[in-house]
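Just so it is clear, the structure is predicted and the values come from calculations on it, not from any experiment. One-based numbering along the sequence shown.
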Amino acid sequence: MRDNGRVTSAIRQSETPAATTPPRLIATDLDGTLLRDDKSVSPRTIAALAAAEEAGIEVFFVTGRPARWMDVVSDHVHGHGLAICGNGAAVVDLHGGPGAHRFVKVRELARENALDAVRLLREAAPGTAYAVEQTFGFNQEPAYPKLHMEAPDILASAEDLLAPDSHTAGEPVLKILAYHPELDPDAFLTLARLAIGDRANVTRSSPSALLEISGPGVSKASTLALCCAERGISHEEVVAFGDMPNDVEMLTWAGRSYAMGNAHPDVVAAASGRTVANNDDGVAVVIEQLLDERR
């Protein structure tokens, strides 16, 4: 067991019943949380994940990433092989490796809702550019900047991409990405939530003014809750980690939750505890402590 001094446990808050419940599942975000800033998984973190699985604790990666970007952790999914992607829009079996994943559950954004969200946000925030994330495809407007790891399959307006007779109409929409070149990221999030209302779920995970728009009620928390219910796992038996606003619902839902040392203020407020930053292996620090508590 490594000694990280007084900064580990990450700053425990007062004990709750959940804090004394043995964990059965660890749910962790990836970027800014499990992954270091160079997108690597450290040897210490790899060892901690393996030790948790060996101890009978399932590990779920719960991320805003699409399934095709999961190669960074596909070697560490262990037995069940499942990950929650797209902020809860999909549960994916990663056993096949990069490019061969299988969608186990899809919680799509209905095109009607997506078109409503685009229309309302265009009115509320002129200058917003859009991209459409689908199960296998990625398409965008010409004005949408190069923010991602890949070139789009199709360049067209969001309205054309989401039309019922679009070339992509046969493939479920997982989320809409909305980028504004000038607005403050948190102000953009607040504005979009007010404008779109209950037609879709709006969140963000980027340091820029980039929003992620999913189906109503679709979030990391709601899909994680479904996966846990299928396994007979209660929320008190879940330990969750995150760093950005798209993690807030999951951290609030889990019995024990940790905000990273580099976390957004809303995440710190939502979590029941804190750990050190992602570059200092904050997830591994807590997992090591959890396993030590079981001995």
Looking only at heavy atoms, the pair that brings Glu133 and Pro66 closest together is OE2-CB, 3.7 Å
Exercise: do Asp281 and Ser42 side chains pair donor with acceptor under 3.5 Å:
yes
In terms of ring plane angle, is the pair Phe241 and Tyr258 parallel, tilted or perpendicular, where the classes change at 30° and 60°?
parallel
What I want to find out is whether Glu108 reaches Lys175 closely enough, with some N-O distance under 4.0 Å, to be called a salt bridge.
no
Any side-chain donor paired with an acceptor under 3.5 Å for Glu212 and Asn246?
no
Roughly how far, to the nearest 0.5 Å, is CZ of Phe61 from CD1 of Ile26?
10.0 Å
If you link I, L, V, M, F, W and Y whenever their side-chain heavy atoms are under 4.5 Å apart, who else ends up in the same group as Leu115?
Leu109, Val118, Leu121, Tyr130, Val132, Ile154, Leu161, Leu162, Val173, Ile176, Leu183, Phe188, Leu189, Leu191, Ile196, Val202, Leu211, Ile213
Glu237-Ser234 side chain donor-acceptor pair, cut-off 3.5 Å:
yes
From Gln140 atom CD to Ser157 atom OG, the distance as rounded to the nearest 0.5 Å:
12.5 Å
Pairs where residues 155-169 contributes a residue and the test salt bridge (Lys or Arg N to Asp or Glu O under 4.0 Å) is met, not counting sequence neighbours
Arg122-Glu159
Can a salt bridge be assigned to the pair Asp29 and Lys220 using a cut-off of 4.0 Å between side-chain N and carboxylate O?
yes
Non-hydrogen side-chain atoms of Arg193 and Thr203 separated by less than 4.5 Å
yes
Heavy-atom closest pair, residues Leu224 and Ala27:
CD2-CB, 3.6 Å
Hey, is CD on Glu54 packed in by over 12 heavy atoms from elsewhere, all under 6.0 Å?
no
Should Val239 and Leu35 be counted in the same cluster of Ile, Leu, Val, Met, Phe, Trp and Tyr side chains packed under 4.5 Å apart?
yes
CG of Asp116 to CD of Glu112: how many Å apart, nearest 0.5 Å?
6.0 Å
Taking all heavy atoms of Pro216 and all of Arg199, pick out the closest pair and write down the distance.
CG-O, 3.3 Å
Nearest heavy-atom pair of His235 and Trp253: which atoms, and what distance?
ND1-O, 3.1 Å
Spell out, yes or no, whether Leu34 and Leu290 are grouped together once hydrophobic residues are joined by side-chain heavy atoms under 4.5 Å, including indirect joins.
yes
From Cys85 atom SG to Arg65 atom CZ, the distance as rounded to the nearest 0.5 Å:
9.5 Å
Is a donor from one side chain sitting under 3.5 angstrom from an acceptor on the other, for Thr33 and Asp243?
yes
Closest approach of Ala263 to Gly242 (non-hydrogen atoms, all atoms of both residues):
CB-O, 4.3 Å
Distance in Å, Leu174 CG paired with Gln134 CD, rounded so as to fall on 0.5 Å steps
8.0 Å
Could you state the interatomic distance from OG1 (Thr252) to CG (Asp247), rounded to the nearest 0.5 Å?
10.5 Å
Would Glu58 and Arg231 pass as an ion pair if we require N to O under 4.0 Å?
yes
